[in-house]
Enquirer: 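What follows is a structure written as C-alpha cells; I'll ask about it next.
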2 protein chains.
Amino acid sequence: MEATLEQAVSILRRNQLKITKQRHALLDYLVTYQDHYVAISAVDEHMRTLFAGMSHNTIYRNIKEFETLGLLEVKSADNQTLVKYQCDFEHQHHHHFVCSNCGRVIELQACPLDAYEAQLPGCTITGHRMEIYGLCDQCTAKGVQAN
Amino acid sequence: MEATLEQAVSILRRNQLKITKQRHALLDYLVTYQDHYVAISAVDEHMRTLFAGMSHNTIYRNIKEFETLGLLEVKSADNQTLVKYQCDFEHQHHHHFVCSNCGRVIELQACPLDAYEAQLPGCTITGHRMEIYGLCDQCTAKGVQAN
DNA sequence: CACTAAATCATAATCATTACTATTTAGTTT
DNA sequence: AAACTAAATAGTAATGATTATGATTTAGTG
C-alpha cells in the first residue's frame, strides 16, 4: 500500500505539527522514495537545492520528528543514517529485503527465514542479518527498565 | 568458545601482518570484549591512553584489517561504528541477542525466530530486526554482480 | 489583523573518520 | 649483529555528517 502525500500531511496535522512549506516539500520527497532507503545527507542536499539556505538543523530535526510519529524508519549504515518512509503505521511485524545494488526495499511478511526465499522470486540472496534487542538476564534481574 | 590473544596473534602472523606493539595491545583489548560490541571511537580513546599520541589512523586502519581477516564483526549504529571480536572464523550462520542496556551479546544458534526465545531465559525481548541482503529481481536480471 | 508558540535560519561547533607525508620499525637478509 | 626494506605508525590537518545556539520568521489561532 502506497501512502500519499495527503495522508502524510494529515498525520502531521493530527499531531499538531505546523505544515510549513519545508515540511511539505520534505514529505513530498520522502513519499516518492517509499521503497528505498535514502541517506539523510542526500535528503539534506536535495532540500537545500529546493530551498537555498535551508538549515541542516531543520532537515535533521524534522526527520527525527517524523520518525517519532512513526512516519519514517531509520537505520544506521556505514557512517550514515538512512531513512525510508513507511506506511505501516501499526508497526506490524515484518522484515525487509534490501537490494545491495539499487537499495530497493521489498517488504516481507512471514517470519521464519526459510519462508522468505519464496517471497523473493528472481532475487539473489547474498546474506542476511538479524538481531534481537532487549535486556539480558543480568540487566533484567537488576530491574533495569527497558527503553 | 573463547578465543585467546595467542590465537589472534597467530592469525596475524599467518597473514604476514607484522606484530607491532600497537596491534598486540589492540587485539588484547578486543579479545577481552568478545561478548560486547564496542564503539570504535571508544577503542580509539582507550588506545590513545595506552599509547600517548597513537594515531587515529592506525587504530581505524587496523580495525579494518582485522575485519577483512574475519577477526572482527562490524556494524553501524547511531552515527558510530561498533566492533566485536569474533571467534567464529568459519562464518557459521548465527544471530545475536544484544542487551540494550549493557551491550552484552549472546550468540544464538537456530534460525526461525520463535525458537530464539527459548535460548534467552531471563531476558527481556523488546524488539528485533532482520534484513536480507542481495540483489533484487530487477538488478539480478540486469546481470549486476553481487559484491 | 494581531498574537504567540513553534519553526526556521544562519553560523559555528562537535565528533567520528579519513588523508597525507615524513618517520619509524618488524621481520628478514647478509 | 648490523643493514635493509616493505610495512606500519605518528603527526597534523581535512572532511563530512550531525548537532548546538540564539536571533528571526511564520503557521495557525482568536
Enquirer: Can you tell me the distance, in whole Å, between the CG atom of B:L27 and the P atom of D:dA8?
Expert: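 Rounded to the whole Å, the gap is 13 Å.
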Enquirer: With sequence neighbours excluded, tell me which residues meet ring pair (Phe, Tyr, Trp, His ring centres under 6.0 Å) with A:Y33.
Expert: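 Once residues adjacent in sequence are excluded, the partners of A:Y33 under the ring pair (Phe, Tyr, Trp, His ring centres under 6.0 Å) criterion are A:Y29.
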Enquirer: For A:A42, which residues count as a side chain to side chain contact (heavy atoms under 4.5 Å, CB included) partner, sequence neighbours excluded?
Expert: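 Side chain to side chain contact (heavy atoms under 4.5 Å, CB included) list for A:A42, sorted by chain: A:V38, A:A39.
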Enquirer: For A:D44 and D:dT18, give me the distance from atom CG to atom C1', rounded to whole Å.
Expert: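 To the nearest whole Å, that distance equals 9 Å.
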Enquirer: Using the test side chain to side chain contact (heavy atoms under 4.5 Å, CB included), find all partners of B:A77 that sit at least two apart in sequence or belong to another chain.
Expert: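 Residues passing side chain to side chain contact (heavy atoms under 4.5 Å, CB included) with B:A77: B:L82.
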Enquirer: NE2 of B:H24 versus P of D:dA8: gap in Å, rounded?
Expert: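 So the two atoms are 16 Å apart, to the nearest Å.
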Enquirer: A:D28: which residues meet the side-chain hydrogen bond (donor to acceptor under 3.5 Å, both in side chains) condition with it, sequence neighbours left out?
Expert: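 A:D28 satisfies side-chain hydrogen bond (donor to acceptor under 3.5 Å, both in side chains) with no other residue.
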Enquirer: Less than 4.5 Å apart, any side-chain heavy atom of B:M47 and any of B:V43?
Expert: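 Sidechains of B:V43 and B:M47: in contact.
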Enquirer: Figure out the CZ/C1' separation between B:F66 and D:dA8, and round it to whole Å.
Expert: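 Spelled out: CZ on B:F66 to C1' on D:dA8 is 12 Å.
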Enquirer: Please write out the pairs of protein N or O atoms and N or O atoms of nucleotides 28-30 of chain D separated by less than 3.5 Å, giving the distance to one decimal.
Expert:
| residue | atom | partner | partner atom | Å |
| --- | --- | --- | --- | --- |
| D:dG28 | OP1 | A:I19 | N | 2.8 |

Enquirer: Scan residues 45-55 of chain A for pairs that pass side-chain hydrogen bond (donor to acceptor under 3.5 Å, both in side chains), counting only residues two or more places apart or in two chains.
Expert: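 Passing the test, one end in residues 45-55 of chain A: no pairs.
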Enquirer: Is there any salt bridge (charged side-chain N to carboxylate O under 4.0 Å, His left out) pair reaching into residues 49-78 of chain B, and which pairs are they, with sequence neighbours excluded?
Expert: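 Matches after skipping sequence neighbours: A:R129-B:E73, A:E131-B:K75, B:R23-B:E65.
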Enquirer: Looking at D:dA17, I'd like to know if its phosphate oxygens (OP1 or OP2) sit under 4.0 Å from a side-chain N or O belonging to A:N79.
Expert: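 No, because none of the side-chain N or O atoms of A:N79 sits under 4.0 Å from OP1 or OP2 of D:dA17.
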Enquirer: Going by the rule side-chain hydrogen bond (donor to acceptor under 3.5 Å, both in side chains), which residues pair with A:N15 if we only count those two or more places apart in sequence or in a different chain?
Expert: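 Checked A:N15 against side-chain hydrogen bond (donor to acceptor under 3.5 Å, both in side chains); zero matches.
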Enquirer: Can you list everything that forms a side chain to side chain contact (heavy atoms under 4.5 Å, CB included) with B:A141? Sequence neighbours excluded, please.
Expert: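 For B:A141 there are no side chain to side chain contact (heavy atoms under 4.5 Å, CB included) partners, ignoring immediate neighbours.
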Enquirer: Indicate yes or no: at least one non-hydrogen side-chain atom of A:I11 is less than 4.5 angstrom from one of A:L71.
Expert: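 Yes; the side chains approach each other to less than 4.5 Å.
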Enquirer: What's B:N62 touching, base or sugar-phosphate or nothing? Going by heavy atoms closer than 4.0 Å.
Expert: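 Answer is sugar-phosphate: B:N62 comes under 4.0 Å of backbone atoms only.
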Enquirer: Could you list where the contact with chain B starts and ends along DNA chain C, reading 5' to 3', using a 4.0 Å heavy-atom cut-off?
Expert: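 It runs C:dA16 to C:dG27.
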Enquirer: For nucleotides 10-13 of chain D, which of its nitrogen or oxygen atoms have a protein nitrogen or oxygen under 3.5 Å away, and what is each distance?
Expert:
| residue | atom | partner | partner atom | Å |
| --- | --- | --- | --- | --- |
| D:dA10 | OP1 | B:Q22 | NE2 | 3.2 |
| D:dA10 | OP2 | B:S55 | N | 3.2 |
| D:dA10 | OP2 | B:T58 | OG1 | 3.3 |
| D:dA10 | N7 | B:S55 | OG | 3.4 |
| D:dG11 | OP2 | B:G53 | O | 3.0 |
| D:dG11 | N7 | B:S55 | OG | 2.9 |
| D:dG11 | O6 | B:S55 | OG | 3.4 |

Enquirer: Check side-chain hydrogen bond (donor to acceptor under 3.5 Å, both in side chains) between B:H56 and all other residues, then give those that pass, not counting sequence neighbours.
Expert: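 Once residues adjacent in sequence are excluded, the partners of B:H56 under the side-chain hydrogen bond (donor to acceptor under 3.5 Å, both in side chains) criterion are B:D44.
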Enquirer: Roughly, in whole Å, what's the span from CD1 in B:I63 to P in D:dA8?
Expert: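 So the two atoms are 16 Å apart, to the nearest Å.
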